[in-house]
Amino acid sequence: MFPRPIQHSSPVAQTAYKTMLPIALIMWLLPLIAVAMFSIKPASDFTQGNYWGVPGSFNLVENYGQVFFNSDMPRYMLNSVLITVPTVIGAVTLSAMAGFALGIYKFRSNLWVFFMFVAGNFVPFQILMIPVRDLTLDLGLYNTKTGLVLFHIAFQTGFCTLFMRNFIRQLPFPLIEAARVEGVAEWRIFWFVVLPLMKPALAALAVLIFTFIWNDYFWAIVLTQGPDAQPVTAGITSFNAQFRAAYHLMSAGSIVAALPPVLMFFLMQKHFIAGLTLGAVK
């Protein structure tokens with residue numbers, strides 16, 4: 001049963017909806033607005049307790065300039081790029097091939113293998129914190145970007161395979177049968193028949209995984225330390241001094257760190273929406 005369109009509701013319900021919607025939007029955006037305000041305040045405002053008042057001075061250039069030129073933030077940003085981009089490529093590539101195998105081929109253990117991919121998505125990450133950390137230490141991958149990339153690929157491939165397998169099963173199977181009748185090899189069917197049809201799903205999945213990995217904080221502090229390997233989400237805490245936190249710089253760094261996923265979404269918005277809604281309407 002679908003929700004009733006607001007246009008078909010009573011005038012009182014429509015008025016209440018139009019009144020509450022801006023309020024809900026402001027409440028949802030309030031933390032972001034607060035961080036944006038803090039990012040242009042001087043440090044003296046925080047020592048004087050001026051958290052929500054008008055800034056004593058607008059230090060937009062000074063704060064963001066210090067973030068970019070007098071800190072390790074550019075290095076943390078580069079680390080995030082070097083971690084996120086290979087993870088997206090690896091997870092999407094592996095899940096596309098695994099989804100093709102699970103969605104096209106029908107073998108005896110197909111369903112069990114698929115269940116294993118699904119079950120992995122329900123394991124809480126917190127339970128795996130110590131075993132994964134010990135494993136990276138034993139393999140010599142602790143505090144390395146390579147170790148973080150391999151870990152993210154391993155854990156994201158399960159969700160990605162679930163996504164791709166369900167998408168591939170919606171594709172017209174007669175196309176694959178026709179290619180097989182013509183004697184086309186299976187890898188060529190995947191590359192030239194199935195993969196072009198998967199472009200909307202690949203784009204949607206790439207945006208999702210990019211956002212997940214870029215915004216990851218938990219594993220960033222568990223598996224890395226210091227500016228050599230830490231991504232930007234963990235690097236923001238470097239603005240904490242010994243006796244006080246530089247909230248204005250942390251806020252400016254948070255705004256800078258949030259820009260790439262937002263930019264990624266808007267650049268891929270058309271493909272993202274197409275990938276999520278493909279097959280929703282016959």
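Numbering of residues begins at 1 and proceeds along the displayed sequence.
Counting heavy atoms from C-beta on, the side chains of T233 and Y76 never come closer than 4.5 Å. The shortest side-chain heavy-atom distance between L197 and L175 falls under the 4.5 Å cut-off. For the pair M73/F68, no side-chain contact is recorded, criterion being any heavy-atom separation below 4.5 Å from C-beta on. Between Y142 and Q225 the shortest side-chain heavy-atom distance falls below 4.5 Å. Looking at heavy atoms from C-beta onward, V194 lies in side-chain contact with L171 at the 4.5 angstrom threshold. At least one side-chain heavy atom of R180 sits less than 4.5 Å from a side-chain heavy atom of E186.
Between the side chain of D216 and the backbone N or O of A220 there is at least one donor-acceptor pair closer than 3.5 Å. With hydrogens and angles disregarded, no donor-acceptor distance shorter than 3.5 Å links the side chain of T93 to the backbone of G90.
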Give every donor-acceptor pair under 3.5 Å between a side-chain atom in residues 124-133 and any protein atom, sequence neighbours left out.
none

Would you be so kind as to tabulate the donor-acceptor pairs closer than 3.5 Å made by side chains of residues 30-45, with sequence neighbours excluded?
from, atom 1, to, atom 2, distance (Å)
S39, OG, A36, O, 2.6
S39, OG, Y64, OH, 3.0
K41, NZ, G53, O, 2.8
D45, OD2, N50, ND2, 3.3
D45, OD2, G56, N, 2.9

Return a table of donor-acceptor pairs under 3.5 angstrom between the side chains of residues 145-160 and protein atoms on other chains or two or more places apart.
from, atom 1, to, atom 2, distance (Å)
K145, NZ, D228, O, 3.1
T157, OG1, I153, O, 2.5

Can you give me every donor-acceptor pair (side chain of residues 200-215, partner residue at least two apart or in another chain, under 3.5 Å) with its distance?
from, atom 1, to, atom 2, distance (Å)
T211, OG1, V207, O, 2.9
W214, NE1, A257, O, 2.7
N215, ND2, T211, O, 3.2

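Counted within 6.0 Å of CZ on F266, heavy atoms from surrounding residues, nucleotides or ligands total 12 or fewer; the atom is thus considered open. Annotation for F192: atom CZ counts as buried by contact number, over 12 foreign heavy atoms lying within 6.0 Å. Annotation: F218, atom CZ; neighbour count of heavy atoms from other residues, nucleotides and ligands within 6.0 Å is above 12.
Considering all non-hydrogen atoms of both residues, G99 and T161 come closest at N-CG2, 4.2 Å. Minimum interatomic distance between F46 and H248 (heavy atoms only, all atoms of both residues): CE1-CB, 3.6 Å. Scanning all heavy atoms of the two residues, the minimum distance from P231 to N79 falls at CA-CB, 4.2 Å. The minimum heavy-atom distance between M77 and V232, with the atom names listed, is SD-CG2, 3.7 Å. In this structure, V67 and G253 approach most closely via the heavy-atom pair CG2-N, 4.1 Å. Across all non-hydrogen atoms, the minimal contact from I83 to A229 is CD1-O, 3.7 Å.
I189 and I104 end up in the same hydrophobic cluster when Ile, Leu, Val, Met, Phe, Trp and Tyr side chains are linked at under 4.5 Å. Tracing side-chain contacts under 4.5 Å through hydrophobic residues (I, L, V, M, F, W, Y), one never reaches L78 starting from I89; they form parts of separate clusters. L82 and Y217 fall into different hydrophobic clusters, where Ile, Leu, Val, Met, Phe, Trp and Tyr are joined by side-chain heavy atoms under 4.5 Å apart, directly or via other members. A single hydrophobic cluster is not seen to contain both L94 and M116; linkage of ILVMFWY side chains at heavy-atom distances under 4.5 Å, directly or through other members, places them apart. Tracing side-chain contacts under 4.5 Å through hydrophobic residues (I, L, V, M, F, W, Y), one reaches V113 starting from Y105; they form part of the same cluster.
For E177, there are no salt bridge (Lys or Arg N to Asp or Glu O under 4.0 Å) partners, not counting sequence neighbours.
Atom OG1 of residue T224 and atom CG of residue L141 lie 13.0 Å apart, to the nearest 0.5 angstrom. Taking CZ of F58 as the reference point, atom CG of N63 lies at 12.0 Å (rounded to 0.5 Å). Rounding to the nearest 0.5 Å gives a distance of 8.0 Å between CG of N166 and CZ of R169. Atoms OG and CZ, on S95 and R165 in that order, are 14.0 Å from each other to the nearest 0.5 Å. Note that the CE atom of M97 and the CH2 atom of W187 stand 13.5 Å from one another [nearest 0.5 Å].
I23 belongs to a hydrophobic cluster with M20, M27, counting contacts under 4.5 Å between side-chain heavy atoms of Ile, Leu, Val, Met, Phe, Trp and Tyr, direct or through other members.
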